[in-house]
S.K.: 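First the structure, then my questions, so here it is.
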There are 2 protein chains.
Amino acid sequence: MIVKQASHPSPEEMTLVTVMGALSDPIRVGLVRILADGRERGWGELRAPIAKSTLSHHLRVLRDAGLTRTRQEGTRCFVELRHHDLNARFPGLLDAVLEAAHNDDVGAHVTVAGDPQPT
Amino acid sequence: MIVKQASHPSPEEMTLVTVMGALSDPIRVGLVRILADGRERGWGELRAPIAKSTLSHHLRVLRDAGLTRTRQEGTRCFVELRHHDLNARFPGLLDAVLEAAHNDDVGAHVTVAGDPQPT
DNA sequence: TTCGTTGTTCGTGAAACATCGAACAAGGTA
DNA sequence: TACCTTGTTCGATGTTTCACGAACAACGAA
């Protein structure tokens with residue numbers, strides 16, 4: 001609704017502590033994992049066992065921390081990971097988190113519509 | 001004290017989300033930075049602008065997450081970073097965090113007695 | 001214009017967290 | 001034994017976070 005187009009922090013505005021806080025929730029880690037392939041995803045594709053207002057909240061935390069970028073297109077919006085910005089700002093951090101999250105299968109209950117459910 | 005000797009999680013018991021949560025506070029990041037040189041530090045050496053009960057709390061969070069190891073010796077105790085365990089469990093993560101924390105000077109208000117104050 | 005879709009915002013409540021001062025427990029020291 | 005030092009634990013308090021349903025706003029379609 002563009003009521004308030006989300007604020008995307010510039011790389012300099014990102015802080016380590018905020019990013020770590022954003023990644024201290026399994027649902028948010030799951031969302032980041034889904035976006036890790038670089039593809040932009042529609043809001044509606046995302047599946048998580050929470051109410052949509054809660055999902056909106058988590059997407060906002062990720063966006064405010066600088067982890068994701070949100071784009072509006074008509075009435076729907078798309079999210080993508082700010083892979084490049086993150087690597088520039090915190091070299092190696094995102095990859096280390098993604099590897100760890102993959103090994104432990106963190107946030108596996110977050111999926112994408114159309115994708116085969118794990119297990 | 002020693003009333004309950006702290007539980008140190010084994011590497012397998014460590015979780016990414018808990019570790020990230022532990023590192024989402026500037027004081028705790030400052031403590032980790034101090035311990036990053038591998039030296040064991042006495043509790044009494046640590047200087048932070050908080051009450052001692054609060055410092056005790058933060059050290060417990062770090063310990064419970066598996067980031068540090070605490071050793072008792074008589075009435076005083078010593079802390080050290082579990083650098084090796086962390087690298088084995090979450091490869092690259094700690095180094096990426098330490099580099100980012102250093103670049104941004106996160107947790108600079110946490111110091112060690114005897115060390116020259118930054119600035 | 002009237003719906004239906006889509007996602008944000010609001011109001012609320014429960015849980016977690018950071019912080020403090022005070023009390024406590026274990027060792028060392030006088 | 002009496003005292004001091006060292007850290008932990010115990011409430012108490014205020015803030016933040018997570019979660020939900022309901023209401024709302026913008027857009028597209030009928």
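Per chain, numbering begins at 1; letters A, B, ... match sequence-line order. In this text the structure is predicted, and so the values were computed from the model without any measurement.
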S.K.: From the set D:dT6, C:dT19, C:dT9, return the single nucleotide nearest to any side-chain atom of B:Ile27.
M.R.: C:dT19
S.K.: So does B:Glu73 pair up with B:Arg71, basic N to acidic O under 4.0 Å?
M.R.: yes
S.K.: For A:Glu73 and C:dG7, give me the distance from atom CD to atom P, rounded to whole Å.
M.R.: 11 Å
S.K.: Measure the distance from CZ on B:Arg76 to C1' on C:dG27 and round it to the nearest whole Å.
M.R.: 10 Å
S.K.: Out of A:Thr70, A:Thr68, A:Leu46, A:Ile27, which one pairs with A:Leu59 under the side-chain contact (heavy atoms from CB on, under 4.5 Å) rule?
M.R.: A:Leu46
S.K.: Taking the nucleotide of DNA chain D with the nearest heavy atom to each, does A:Lys52 or B:Cys77 sit closer to the 5' end?
M.R.: B:Cys77
S.K.: Whole angstroms only, please: what is the CH2-P distance between A:Trp43 and C:dT9?
M.R.: 12 Å
S.K.: Would you mind reading off the distance between A:His57 atom NE2 and C:dG11 atom C1', rounded to a whole angstrom?
M.R.: 15 Å
S.K.: Is a donor from one side chain sitting under 3.5 angstrom from an acceptor on the other, for A:His58 and A:Arg28?
M.R.: yes
S.K.: Mind calculating the distance between CG (B:Asp64) and C1' (C:dA16) to the nearest angstrom?
M.R.: 14 Å
S.K.: Would you say the side chain of B:Ser56 and the base of D:dG7 hold a donor-acceptor pair, judged only by whether the two atoms sit under 3.5 Å apart?
M.R.: no
S.K.: A:Thr54 side chain N/O closer than 4.0 Å to the phosphate oxygens (OP1, OP2) of D:dC20?
M.R.: yes
S.K.: Could you state the CZ-C1' distance from A:Arg63 to C:dT9, rounded to the nearest angstrom?
M.R.: 12 Å
S.K.: For A:His58, answer base if it contacts any base atom (sugar-phosphate contacts may also be present), sugar-phosphate if it contacts only those atoms, and nothing otherwise; contact means non-hydrogen atoms under 4.0 Å.
M.R.: sugar-phosphate
S.K.: May I ask you to test the A:Val112-A:Arg47 pair for a side-chain heavy-atom distance under 4.5 Å?
M.R.: no
S.K.: D:dT9 P sits how many Å from B:Leu55 CG, rounded?
M.R.: 14 Å
S.K.: Do the side chain of B:Ser53 and the base of C:dG21 come within less than 3.5 angstrom through a donor-acceptor pair of N or O atoms?
M.R.: yes
S.K.: At under 4.0 Å between heavy atoms, what does A:Leu59 touch on the DNA or RNA strands: base, sugar-phosphate, or nothing?
M.R.: nothing
S.K.: Once you round it to whole Å, what is the distance between P of C:dT6 and CZ of A:Arg41?
M.R.: 17 Å
S.K.: Which part of the nucleic acid, if any, lies within contact of A:Ile50, taking any heavy atom under 4.0 Å across all strands shown: a base, the sugar-phosphate backbone alone, or nothing?
M.R.: sugar-phosphate
S.K.: Of all the choices, C:dA18, D:dA26, D:dG21, which nucleotide is nearest to the side chain of B:Asp25 once you look at every atom?
M.R.: C:dA18
S.K.: Can you tell me if A:Arg28 touches the phosphate of D:dC18, counting only side-chain N or O atoms and a distance under 4.0 Å to OP1 or OP2?
M.R.: yes
S.K.: Donor-acceptor pair, B:Arg33 side chain versus B:Val106 backbone, under 3.5 Å?
M.R.: yes
